[in-house]
Colleague: 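There's a structure below that I have some questions on.
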Amino acid sequence: MTANGVFQLALAVGLILAGVRPLGWYMARVYTRPVGRGERAVYRLLLVNPAAEMTWQKYAAAVLAFGFVSVLAVYGVQRLQAVLPLNPEGQAAVSPDSSFNTAVSFATNTNWQGYGGESTMSYLTQMLALTVQNFLSAAAGMAVLVALIRGFARRNADTIGNFWVDLVRSTVYVLLPLSVLLAVVLAGQGVPQTVSAYHEVPLVEPLTDADGQPVTTQKIAVGPVASQVAIKQLGTNGGGFFNVNSAHPLENPTPLSNLLQLVAILLIPAALCWTFGELAGDRRQGWAVLAAMVVIFLPLLAVTVWAEHQPNPALATLGVDQTAGNMEGKETRFGVPNSALWAVATTAASNGAVNSMHDSYTPPGGLVPLWLMQLGEVVFGGVGSGLYGMLVFALVAVFLAGLMVGRTPEYLGKKIGAFEIKMASLAVLLPCAMALIGTAVGVSVEGGKKGPLNAGPHGFSEILYAYSSCANNNGSAFAGLSANTPFYNGTLGLVMLVGRFGVMLPVIAIAGSLARKKHTPPGPGTLPTHTPLFVFLLVSVVVVVGALSFIPALALGPIVEHLMMRS
Amino acid sequence: MWNYLRTAAVVLGGMTVLTGVVYPLAVTLLAQAVFPGPANGSLVVRDGKTAGSDLIGQPFSKPEYFWGRLSATSPVPYNAAASSGSNFGPRHPDLAKNAKDRTDALKAADPSIDAVPVDLVTTSGSGLDPQISPAAAEVQVRRVAAARKLTEEQVRELVRAHTDDRQFGVLGESRVNVLALNLALDAVTP
């Protein structure tokens, strides 16, 4: 690792942290400002009464209804794309199982991709179905977070806000302006933005294919890429326009485009911590949660950067100069430091976009992204969903502290009771269970066992990665797995649904229950939750739950693979 | 529940118009006006004809051309309509086999080669990587010069001309655009 590599990593992390305060402040304004005249007109058009406050049950019903309608719409567009306009390459209708999987995937902010974008989706599908969900699934996550924060901030209240207002505001005031800005800059770096057909260019050195037929031209896929890539990063979606996502030179052409996309992945999840502190009435609380995220992030980043610089013993015997590190599946313009940083960032956030192929990472280098997803996507995590996940862990942390001293736990002036802890346990355990049960089924039945490309423990890792990714709504893959089959499309689709709504609904219930409680002023026995001690406690809870749940599974995959490589 | 579904459908419809139609088309108009070259795939035009994209690599295997990264796209390498990585884990047998084949081919064409830079024996993430490291270009200079009856210094000069330093001096890695370099070589010695 060179000094330049360290500098590039520090620059990226520094840029993200520099954005926390201004963007966090702006978002706090977005969610608290009164409804203006223009905004009111929009709501009238959408048949929404912005003044109608919702109980947690109504808020949950709205979230579910919106998710249901979204899945239907994305499914429908894919099935009908062959007869719809803006399809210059004549892409056929997507199969029913793949359409189901992709519809769930984009509506749950997972953006797992069983298909190859440029060989499957029409421009219309990319724009009207996928780009739209990139915005709205992200906005739904932010809405639920804001509802949870209201639960903490309100006293003796029955309601936690209006989902439609939170959804529209997140989209129009936060995601949309940032996306326009980023999309135009990306287009300037070389990300295509066009609705014209693919280009056909001559090959300088023609070749023959497997059937002995001459191949003299190269077809270059383009499309409305920049607009989709911008929101795929800002909304922690991660679903690429092209099959190989941000490793594609037209999706991520330069080191600058790489840096901007990387910052875009973590910017909103990090800044929302500040918004949380502001809206909860104590900014130190937001910094404490952000600190816990950074404390988990940095050491794991170091592990992957180190691991990817290690030589592969299989190449060492061939006389290959491996000083550049493990370049299999990585792009020349990024090299190892920027690829490793991205892999850690995209799995810390529930983004899932890749700029290198995680399947080809060294075993420790691949273990880190896998485990970061299994931690529940709370280290930054998805926009909104990451922070509400982390706040659920904070409830568990104060509960554990309360057990130690025999006191009723409190967080942000609210007493935490049995109902909150039951809901928090559900939200923590359901994704863990889905990842492990899914993997167990995948390695047991014929349809699952056919999937992996690599043999032995690495093949197991591919299946474990897929279910961990979907259960935690990340969407990145050990892409050697042949996942576009009815078995994987179906089971992974179900896992994504439980992983999304199995966390969202308990969180909304917690929000409703907390809003109803009165404010309890801190007493001498109250555990302060803005101190380094609490940060340490929170980090411990996240790490211990993640370790206890997944070390046995990880031992069968990357850990045993690492030992086999070194022996 | 019916009320919720109706509102959900209306909100989705309205937001679809905004984020699925207005947004991508506005960005398209803006990008096409401000960055027409990059927004259309960074196509390279030579002698009035499109000769490829600056950002998309092409397959090369003749000794007189510089070779790029290995590509795992199917059915042919560098298929820019279906990008793909190899997804080989570090212990996959084909990872070592492909590296050995490439090393052997390089050494067969130039026995003086000692160590081969890793990016020249590994598959790129996209299968379309347009670039190689300066070290990977240097190791091929002798072969290309001999095949084209140029001096090594002449070839090296062209390599330098097609090397991009780190962006702004710090970002990413130094790299050589293989297609642009080979087109330049063809312009010197057709």
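Chain naming here is simple, since letters A, B, ... match the order of the sequence lines and numbering starts at 1 in each. As a basis for the values below, the full set of heavy atoms in this structure was taken, side chains included, without hydrogen atoms, waters or symmetry mates.
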Colleague: Quick one: does A/Q193's side chain have a donor or acceptor within less than 3.5 Å of a partner on B/A31's backbone?
Modeller: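 Not a single qualifying donor-acceptor pair exists.
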Colleague: Below 4.5 Å from any heavy atom of chain A, which atoms of B/L29 appear? Answer side chain, backbone, both or neither.
Modeller: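 For B/L29, neither part sits under 4.5 Å from chain A.
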Colleague: Would you find a donor on one side and an acceptor on the other, under 3.5 Å apart, between the side chain of B/S124 and the backbone of A/E331?
Modeller: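 The answer is no, because no donor-acceptor pair under 3.5 Å joins these two groups.
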Colleague: Could you tell me which portion of A/V354 (side chain, backbone, both or neither) has an atom closer than 4.5 angstrom to a non-hydrogen atom of chain B?
Modeller: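 It is neither, since no heavy atom gets under 4.5 Å.
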Colleague: Can you name the one residue among B/R69, B/R175, B/Q131 that meets side-chain hydrogen bond (donor to acceptor under 3.5 Å, both in side chains) with A/T332?
Modeller: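 One option only clears the test, and that one is B/R69.
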Colleague: Quick one: CG on B/N87 to CG on A/N454, what's the gap to the nearest 0.5 Å?
Modeller: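 One gets 8.0 Å once the value is rounded to the nearest 0.5 Å.
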Colleague: Does any heavy atom of chain A fall under 4.5 Å from the side chain of B/L30, the backbone, both, or neither of them?
Modeller: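 Just the side chain, heavy atoms under 4.5 Å.
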Colleague: Heavy-atom cut-off 4.5 Å, strictly under: side chain, backbone, both or neither for B/V170 against chain A?
Modeller: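 It is both, since atoms from each part get that close.
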Colleague: Quick one: which of A/A247, A/P313, A/A73, A/G223 has the most heavy-atom pairs under 4.5 Å with chain B, could you say?
Modeller: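 The option with the most such pairs is A/A247.
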Colleague: Taking side chain as C-beta onward, heavy atoms only, is A/E561 less than 4.5 Å from B/P90?
Modeller: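 Side-chain contact under 4.5 Å: yes.
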Colleague: Which bit of B/Q32 is near chain A, if near means a heavy-atom gap under 4.5 Å: side chain, backbone, both or neither?
Modeller: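 Contact with chain A is through the side chain of B/Q32 alone.
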Colleague: Decide yes or no for A/M565 and B/R91: does some side-chain heavy atom of the first lie under 4.5 Å from some side-chain heavy atom of the second?
Modeller: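 Yes, at least one pair of side-chain atoms sits under 4.5 Å.
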Colleague: If you count heavy atoms of other groups shown closer than 6.0 angstrom to CZ of A/F68, is the number above 12?
Modeller: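 No, not enclosed.
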Colleague: Below 4.5 Å, heavy atoms only, C-beta onward: do A/L64 and B/Y4 meet side chain to side chain?
Modeller: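 No - every pair of side-chain heavy atoms lies 4.5 Å or more apart.
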Colleague: Is it the backbone or the side chain of A/A455 that comes under 4.5 Å from a heavy atom of chain B, or both, or neither?
Modeller: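 The answer is neither part of A/A455.
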Colleague: Does the A/D359 side chain pair with the main chain of B/S86, one donor and one acceptor, at a distance under 3.5 Å?
Modeller: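 Such a contact is absent between A/D359 side chain and B/S86 backbone.
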Colleague: When rounded to the nearest 0.5 angstrom, what distance separates CD in A/E251 from OG in B/S126?
Modeller: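 The OG atom of B/S126 is 11.0 Å from CD of A/E251, to the nearest 0.5 Å.
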Colleague: Pick one of side chain, backbone, both or neither for B/Y65, based on which atoms fall under 4.5 Å of a heavy atom in chain A.
Modeller: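 Just its side chain gets close to chain A.
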Colleague: Does a side-chain heavy-atom distance below 4.5 Å link A/I220 with B/L128?
Modeller: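 A/I220 vs B/L128: side chains apart.
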Colleague: Answer yes or no: is there a side-chain heavy-atom contact under 4.5 Å between B/M15 and A/F135?
Modeller: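 Side chain of B/M15 against side chain of A/F135, heavy atoms only: no contact under 4.5 Å found.
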Colleague: With a 4.5 angstrom heavy-atom cut-off, which part of A/D209 approaches chain B: side chain, backbone, both or neither?
Modeller: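 For A/D209, the contact with chain B is made by backbone and side chain together.
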Colleague: Could you name the residues of residues 139-151 of chain B that have a heavy atom within less than 4.5 Å of a heavy atom in chain A?
Modeller: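 Heavy-atom contacts from residues 139-151 of chain B to chain A are absent.
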Colleague: Rounded to the nearest 0.5 Å, how far does CG of A/N258 lie from CG of B/L171?
Modeller: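 The distance works out to 9.0 Å.
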Colleague: Counting only heavy atoms closer than 4.5 Å, note whether B/D129 contacts chain A via side chain, backbone, both or neither.
Modeller: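 Both backbone and side chain.
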Colleague: What part of B/Y78 gets closer than 4.5 Å to chain A, counting heavy atoms only: side chain, backbone, both or neither?
Modeller: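 Contact with chain A is through both the backbone and side chain of B/Y78.
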Colleague: Which region of A/H248, side chain (C-beta onward) or backbone (N, CA, C, O), has a non-hydrogen atom less than 4.5 Å from a non-hydrogen atom of chain B, or is it both or neither?
Modeller: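 For A/H248, the contact with chain B is made by backbone and side chain together.
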Colleague: With chain A as the partner chain, list the residues of residues 44-57 of chain B whose heavy atoms fall under 4.5 Å from it, by residue number, and write 'none' if nothing qualifies.
Modeller: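 Result: B/T50, B/A51, B/G52, B/S53, B/L55, B/I56, B/G57.
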Colleague: Chain A contacts: which residues in residues 18-26 of chain B have a non-hydrogen atom closer than 4.5 Å to it?
Modeller: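 Hits under 4.5 Å: B/L18, B/T19, B/G20, B/V21, B/Y23, B/P24, B/L25.
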Colleague: Select, from A/S179, A/G325, A/A314, the one with the greatest count of heavy-atom pairs under 4.5 Å involving chain B.
Modeller: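 Ranked by contacts with chain B, first place is A/S179.
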Colleague: Should A/L203 and B/P59 count as side-chain neighbours, where that means a heavy-atom distance under 4.5 Å?
Modeller: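 Counting from C-beta outward, A/L203 and B/P59 do come under 4.5 Å.
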Colleague: Would you give the length of the straight line joining atom CG of A/L453 to atom NE2 of B/H92, rounded to the nearest 0.5 angstrom?
Modeller: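 A/L453 atom CG to B/H92 atom NE2 measures 4.5 Å (nearest 0.5 Å).
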Colleague: Measure B/S74 against the heavy atoms of chain A and call it side chain, backbone, both or neither at under 4.5 Å.
Modeller: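 The answer is neither part of B/S74.
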Colleague: Donor-acceptor pair, A/N243 side chain versus B/S83 backbone, under 3.5 Å?
Modeller: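 Yes, the answer is positive, given that a donor and an acceptor are paired below the 3.5 Å cut-off.
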Colleague: Which one, A/E200, A/H358, A/M357, leads in non-hydrogen pairs under 4.5 Å with chain B?
Modeller: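 Most heavy-atom pairs within the cutoff with chain B belong to A/M357.
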Colleague: At a 4.5 Å cut-off on heavy atoms, which part of B/S42 comes close to chain A: side chain, backbone, both, or neither?
Modeller: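 For B/S42, the side chain is the part near chain A, not the backbone.
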Colleague: So which part of A/P337 gets closer than 4.5 Å to some heavy atom of chain B, the side chain, the backbone, both or neither?
Modeller: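 Contact with chain B: side chain only.
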Colleague: Go through A/A324, A/A129, A/G117, A/A61 and name the one with the most non-hydrogen pairs under 4.5 angstrom from chain B.
Modeller: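 Most heavy-atom pairs under 4.5 Å with chain B: A/A61.
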Colleague: Does the side chain of A/F66 come within less than 4.5 Å of B/T7's, by heavy atoms?
Modeller: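 No; the side chains remain at least 4.5 Å from each other.
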Colleague: Select all residues of residues 96-123 of chain B having any heavy atom within less than 4.5 Å of some heavy atom of chain A, and report them by number, or 'none'.
Modeller: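 Only B/A96, B/A99, B/K100, B/T103, B/K107, B/D114, B/A115, B/V116, B/P117, B/V118, B/D119, B/V121, B/T122, B/T123 of residues 96-123 of chain B have a heavy atom under 4.5 Å from chain A.
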Colleague: Against chain B, work out which of A/A477, A/A230, A/G188 has the most heavy-atom pairs shorter than 4.5 Å and name it.
Modeller: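 Result: the option with the highest number of such pairs is A/G188.
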Colleague: Taking C-beta and beyond as the side chain, do A/L128 and B/T16 meet within less than 4.5 Å on heavy atoms?
Modeller: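 Yes; the side chains approach each other to less than 4.5 Å.
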Colleague: Does B/Q58 reach the main-chain N or O of A/V204 with its side chain, forming a donor-acceptor pair under 3.5 Å?
Modeller: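 Yes, because the side chain of B/Q58 sits within donor-acceptor range (under 3.5 Å) of the backbone of A/V204.
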Colleague: Taking every heavy-atom pair that is under 4.5 Å apart, which of A/M564, A/Q189, A/Q228 has the most such pairs with chain B?
Modeller: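 Heavy-atom pairs under 4.5 Å are most numerous for A/M564.
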Colleague: At what distance, to the nearest 0.5 angstrom, does CD of A/E205 lie from CH2 of B/W67?
Modeller: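 Between A/E205 CD and B/W67 CH2, I get 9.5 Å after rounding to 0.5 Å.
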